[in-house]
Amino acid sequence: MTAFDVLKSKLLADPAVKTAYDALEGEYEALRLKLTGEAAEARQKPQEGPEDDSGSPGA
């Protein structure tokens, strides 16, 4: 068990802390999905270089 896990366990033993922690679960999950979804989209898109708006090849 890591030091973080020990501290988290001690803090969550307090009913007021546990209630507040549980209340944030929905917001955390929504944000996690948004961030990981955007990260997955960025990995799927090909890398694009600077656009050439000259309209003619070799210009």
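A quick note: this is a predicted structure, and the numbers were derived from the prediction, not measured. Numbers here simply count residues along the sequence, with the first being 1.
Other residues sharing the hydrophobic cluster of Phe4, ordered by chain and number and joined by side-chain separations under 4.5 Å: none, the residue standing alone. Other residues sharing the hydrophobic cluster of Leu7, ordered by chain and number and joined by side-chain separations under 4.5 Å: Leu11, Leu12, Val17, Tyr21.
Partners of Ser9 according to the side-chain hydrogen bond (donor to acceptor under 3.5 Å, both in side chains) rule, which considers only residues two or more places apart in sequence or in another chain, do not exist here. For Glu29, the salt bridge (charged side-chain N to carboxylate O under 4.0 Å, His left out) partners are Arg32, not counting sequence neighbours.
With values rounded to the nearest 0.5 angstrom, Thr2 atom OG1 is found 9.5 Å from Lys8 atom NZ.
Applying the salt bridge (charged side-chain N to carboxylate O under 4.0 Å, His left out) definition to pairs two or more places apart or across chains, those involving residues 11-25 are Lys18-Asp22.
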